[in-house]
Amino acid sequence: MEINIIESKKESNGKKANITVSKFVRRWCFLVVFMLAGTSFTFAQKTESPAAKKESTTQARVTGLKYICVHVLELEKTLKLYREILGFKMSDAEILHGPGLEGMLVMKLKANDLEISLSLTAPEFIDTIGPVGNTNHNHFMLKVNDIGPIGDKLKEEGYELENDNYARDKYTFFVGPNGEIIGLSAWD
């Protein structure tokens with residue numbers, strides 16, 4: 001940055017030059033203070049006290065997205081979209097059995113560390129699983145570090161959990177306030 005200060009021959013011009021220098025110094029001081037305050041604020045947001053770090057590591061919380069499950073209505077178009085266009089690779093497929101699951105085909109597709117499960121109900125079992133939107137289909141599964149306290153808190157807040165044995169089984173589902181189906185999993 002270049003600073004031009006014109007020296008004056010008259011006293012009145014000298015005051016003008018001093019005013020210009022004064023404005024310049026004030027602006028730079030303001031800018032420096034503003035930058036330091038912003039840096040301090042950012043630093044304060046990023047750093048945690050040892051007590052806060054310990055609390056955040058021991059507190060039950062969500063640690064990531066485990067997978068997303070989508071109910072398949074059109075298999076050919078769905079596979080074309082996810083595999084050919086979006087680049088997911090088939091990692092696994094299985095047919096599930098049990099109450100509310102009988103005959104459900106689940107295809108697991110991966111793209112790096114993201115997994116999407118595509119669920120397709122066998123035609124002969126379409127009437128046994130309930131409506132689309134139940135916990136066997138369209139949902140996302142969140143990874144948690146300790147499901148027990150989270151499940152307990154959800155129940156305290158009035159949420160109905162699909163699996164009452166969530167602490168032992170390390171998973172459950174519930175309906176969020178917007179109708180979204182949310183799964184929680186403490187599986188590795």
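Side chains are part of it too, since the values below use all heavy atoms of this structure and drop only hydrogens, waters and symmetry mates.
Leu96 places a side-chain heavy atom less than 4.5 Å from the side chain of Glu94. The shortest distance between side-chain heavy atoms of Phe88 and Met107 does not fall below 4.5 Å. Between Glu115 and Lys108 there is a side-chain heavy-atom pair separated by less than 4.5 Å. Put simply, the side chain of Arg61 does not reach to within 4.5 Å of the side chain of Val144, judged on heavy atoms. Put simply, the side chain of Asp164 reaches to within 4.5 Å of the side chain of Lys155, judged on heavy atoms. Between Glu156 and Leu154, every side-chain heavy-atom pair lies at or beyond the 4.5 Å cut-off.
Nearest heavy-atom pair, Tyr171 versus Asn163, reported as atom, atom and distance to 0.1 Å: O-ND2, 3.0 Å. The minimum heavy-atom distance between Leu109 and Leu118, with the atom names listed, is CD1-CD1, 3.4 Å. Contact between Val72 and Leu120 at its shortest, heavy atoms only, is O-CD1, 3.6 Å. The shortest non-hydrogen separation linking Gly148 to Tyr166 is O-CE1, 3.7 Å. When all heavy atoms of Asp146 and Ala60 are compared, the closest pair comes out as O-CB, 3.3 Å.
Atoms CG and CH2, from Asp169 and Trp187 in turn, are 8.0 Å apart once rounded to the nearest 0.5 Å. Annotation: the span from Glu84 atom CD to Leu86 atom CG amounts to 10.5 Å, rounded to 0.5 Å. One distance of note links CD of Glu162 with CD1 of Ile181; it measures 10.0 Å at 0.5 Å rounding.
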Given side-chain contact (heavy atoms from CB on, under 4.5 Å), test Phe173 with Leu161 step by step and report yes or no. CA-CA 6 Å; Phe173 294 94; Leu161 302 183; over 6 Å; no
Stepwise side-chain contact (heavy atoms from CB on, under 4.5 Å) check, Leu65 with Met141: CA-CA 6 Å; Leu65 177 66; Met141 181 71 78; 5.9 Å; no
Please evaluate residues Lys143 and Lys66 with respect to the criterion side-chain contact (heavy atoms from CB on, under 4.5 Å), reporting the C-alpha separation (whole Å), side-chain torsions for both, the decisive distance (0.1 Å), and the verdict. CA-CA 5 Å; Lys143 290 190 269 186; Lys66 190 154 181 79; 3.6 Å; yes
Could you go through the side-chain contact (heavy atoms from CB on, under 4.5 Å) check for Ile147 and Arg168 one step at a time? CA-CA 9 Å; Ile147 196 167; Arg168 182 194 69 209; over 6 Å; no
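For Tyr67 and His139, the distance between ring centers is under 6.0 angstrom.
Taking a 6.0 Å sphere around CD of Glu160, one finds it holds 12 or fewer heavy atoms contributed by other residues, nucleotides or ligands.
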